[in-house]
Amino acid sequence: MKKQQIAVLVSGGGTNLQALLDAERDGLIPHGTIALVISNKPGVRALERASERGVENLALDRKSFPSQAAFEEALQTQLKDHGIDLIILAGFLAILSKDFTDRWEKRIINIHPSLIPAFCGAGFYGLKVHEAALARGVKITGATVHYVNEIPDGGEIILQKAVHVQPGDTPEILQRRVMEEAEWQILPRAAEIVCSLLSSQSD
Ligand code: GRF
């Protein structure tokens, strides 16, 4: 069985990348292998996590490119050179154009820290998502894995997992609970679902 070659795109701490690396190590992503990690910011913890697990990694510093198109061209070259089949956005904060997402239709997935369609779309990322959930007073939040298209957080939903908001939650406490109880569970599961689907399509 040909394993799907996965590239994980990151921008920061890499806790979702760590969940993927640990799931692969534990045999929970049999149809895929994490072949490459790319950050749009140099020197982030996510790149160290990849190195510690012996996974090839590099930074494409968005600031060192004259345009979004030049950045995406460099990204595309890396992905093609490594024979990547599936892109996973894990805490990746750069925007990808319609040209790019059209080229990778149903081959890019993203983890978003809310139950889409709540608290998602332009401007909703990181702690801002949890600040909005607490401000609205929701009792249930969670995380969503979805396909990526040109609409921020607008692609077909693959998996979701709910998490209770507790009295006294701060955005940081809620973010941590959503990561531990939802993101780190459903992203590896979704990776295996999509890799298995891609494998069956290529058989
Ligand atoms: C977190 O806000 C997480 O909810 C979202 O991206 C941010 C960083 O995640 N998916 P990570 O620790 O870099 O994976």
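Just so you know, ligand 1 is whichever comes first in the structure, and atom 1 is the first atom listed for that ligand. FYI, side chains are in, hydrogens and waters are out, and symmetry mates aren't considered; it's all heavy atoms of this structure.
- Contacts between M179 and ligand 1 below 4.0 angstrom, taking non-hydrogen atoms only, involve the side chain exclusively.
- The shortest heavy-atom distance from G14 to ligand 1 is under 4.0 Å.
- Within the structure, salt bridge (Lys or Arg N to Asp or Glu O under 4.0 Å) contacts touching residues 179-199 (residues at least two apart or in different chains) are R176-E180.
- For atom 12 (O) of ligand 1, the nearest non-hydrogen atom from the set T15, L17, V129 belongs to T15.
- Checked by atom type, the side-chain pair E72/S97 shows a donor-acceptor distance below 3.5 Å.
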May I have the list of side-chain donor-acceptor pairs in residues 122-139 shorter than 3.5 Å, sequence neighbours left out?
none

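- Taking all atoms of both residues into account, the shortest heavy-atom contact from V37 to A50 is CG2-CB, 3.8 Å.
- Once rounded to the nearest 0.5 Å, the distance linking SG of C195 with CD of Q4 reads 5.5 Å.
- The distance from the CD1 atom of I84 to the CD1 atom of I34 is 10.5 Å, given to the nearest 0.5 Å.
- Scanning all protein heavy atoms for the shortest distance to atom 2 (O) of ligand 1 gives Q175 NE2, 2.8 Å.
- Below 4.0 Å from some heavy atom of P113 lie the following atoms of ligand 1, by number and element: 4 (O).
- Proximity to E183 (heavy-atom distance under 4.0 Å) selects the following atoms of ligand 1: 3 (C), 4 (O), 5 (C), 10 (N).
- Using a 4.0 angstrom heavy-atom cutoff, V10 does not count as in contact with ligand 1.
- How far NZ of K161 is from CD1 of I186: 8.5 Å, rounded to the nearest 0.5 Å.
- Here the protein heavy atom with the shortest distance to atom 8 (C) of ligand 1 is G91 CA, 4.0 Å.
- In the candidate list L89, N16, V178, V8, N16 is nearest to atom 14 (O) of ligand 1, counting heavy atoms.
- Backbone and side-chain nitrogen or oxygen atoms of L127 are examined, and none is located within less than 3.5 angstrom of a nitrogen or oxygen of ligand 1.
- Using modelled atom types, one finds no donor on one side chain facing an acceptor on the other under 3.5 Å when comparing N57 with S39.
- Proximity to I111 (heavy-atom distance under 4.0 Å) selects the following atoms of ligand 1: 10 (N).
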